[in-house]
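The next block holds one structure in the form of structure tokens; read it before the comments.
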Amino acid sequence: MTETMIIGGGSGMGFALARLLVAEGEDVTIVGRSGDRLAAARAELEHAGNGRVHTRRADIGREEDVASLFFGDRQVDHVAVTAADATGVYGPTSGMATDTARGVLNTKLLGAWLVGKHSAGKVTESLTFTSGINAYRPNGSNTIMAAANGALSSLASGLAIEMAPVRVNVISPGWVDTPIWNQLGMDKQAAFTDLAKRLPARRIGVPDDIARAFLAVMRNQFITATLLHVDGGHRFA
């Protein structure tokens, strides 16, 4: 029986991945900071298929939390990291608090590095991170998030060598309709409508689009040290 740990699996893209896996009868452990959100996600997932669902509370930015996820003799086949926090990170660099920038790096980049550090020897098949379109299309208001996302590709390449034969990859979504947009204080629907007209795919992404991309790199045993863009052609729009 295959088991996957999804850090950030309580909502959005991580939850969509968990739902696909459980529907196929696989076991998942969803990890997040909110006990209430994890409980709600577990209840919904347990009605989605035959796979077992476990929950663990942890903050990916805290080393002791990440270490506890992989403590002991238990192993998992795959680890996927979809955790993100966009609170307060959009705006000009000159006006951003340094603590806010450090928080982005702690969650998005150093958190991913901590997962690599503590999952070594515990994950047997693959480790997959989540980057984002702003690494490749910065717009002047997302510089620190763009930097954190862009660095994940280099991190994955290095870890793919260190952790071989475990495969380490990165999924880079474009705009996807997930709860993280509620943190940005913008007219989401107007922005989505405008971008959808310009994208080659002619629509905004949905969590299942990204979940299927995760499955592709998790299951293809000849994909490693690779960044997969799943952005509807946003890099060219």
If you take all heavy atoms of [X] and [Y], which pair is closest and at what distance?
X	Y	answer
A58	V31	CB-CG1, 3.7 Å
G9	I30	O-CG2, 3.7 Å
F70	K122	O-CE, 3.2 Å
K108	A84	NZ-CB, 4.2 Å
A148	L105	CB-CD2, 3.9 Å
M145	Y90	CG-OH, 4.2 Å

Grouping I, L, V, M, F, W and Y whenever their side-chain heavy atoms are under 4.5 Å apart, do [X] and [Y] come out in a common cluster?
X	Y	result
V81	L227	yes
V76	V168	yes
W113	L152	yes
V79	V22	no
M5	L38	no

* Run the side-chain contact (heavy atoms from CB on, under 4.5 Å) check on T130 and F214 step by step: do they pass? -> CA-CA 9 Å; T130 308; F214 268 93; 3.2 Å; yes

Report yes or no: does [X] contribute a side-chain atom to a donor-acceptor pair with the main-chain N or O of [Y] at less than 3.5 Å?
X	Y	answer
S131	N149	yes
T29	T55	no
R42	V53	yes
D77	E125	no
D231	P173	no
R167	T226	no
D209	V206	yes
R212	L20	no
S153	G150	no

Distance, nearest 0.5 Å, that separates [atom1] of [X] from [atom2] of [Y]:
X	Y	atom1	atom2	result
I7	L69	CD1	CG	5.5 Å
E3	E26	CD	CD	10.0 Å
F129	I171	CZ	CD1	12.0 Å
R57	S68	CZ	OG	11.5 Å
F236	R137	CZ	CZ	9.5 Å
D177	W175	CG	CH2	11.5 Å

* To do: Flag the pair R62 and D59 as a salt bridge only when some basic side-chain nitrogen lies within less than 4.0 angstrom of an acidic carboxylate oxygen.
  => no

* To do: Report the C-alpha distance between I6 and F15 in whole Å, list the side-chain angles of each, state the deciding distance to 0.1 Å, and finish with yes or no for side-chain contact (heavy atoms from CB on, under 4.5 Å).
  => CA-CA 8 Å; I6 306 170; F15 179 78; over 6 Å; no

* Asked: Taking side chain as C-beta onward, heavy atoms only, is L21 less than 4.5 Å from L215?
  -> yes

* Asked: Heavy atoms, side chains only, cut-off 4.5 Å: are V66 and K117 in contact?
  -> no

* **side chain to side chain donor-acceptor pair (under 3.5 Å) assessment of T2 paired with R219** => CA-CA 11 Å; T2 300; R219 292 175 173 174; over 6 Å; no

* Asked: If you look only at pairs with a residue in residues 32-41, which of them pass as a salt bridge (Lys or Arg N to Asp or Glu O under 4.0 Å), with sequence neighbours excluded?
  -> R33-D85

* Does a sphere of radius 6.0 Å around CG in N220 hold more than 12 heavy atoms from other residues, nucleotides or ligands, not counting ones at 6.0 Å or beyond? -> yes

* Show your reasoning for whether side-chain contact (heavy atoms from CB on, under 4.5 Å) applies to I60 and L114. => CA-CA 8 Å; I60 193 176; L114 287 171; 5.9 Å; no

* To do: State which residues pass side chain to side chain donor-acceptor pair (under 3.5 Å) with R102; sequence neighbours excluded, sorted by chain then number.
  => none

* H229: what forms a ring-ring contact (aromatic ring centres under 6.0 Å, His included) with it, not counting sequence neighbours? -> Y136

* Pick out which of Q75, M163, H78 makes a side chain to side chain contact (heavy atoms under 4.5 Å, CB included) with V123. => M163

* To do: Take I223 and L228, measure what side-chain contact (heavy atoms from CB on, under 4.5 Å) needs, and give me the verdict at the end.
  => CA-CA 10 Å; I223 298 178; L228 177 62; over 6 Å; no

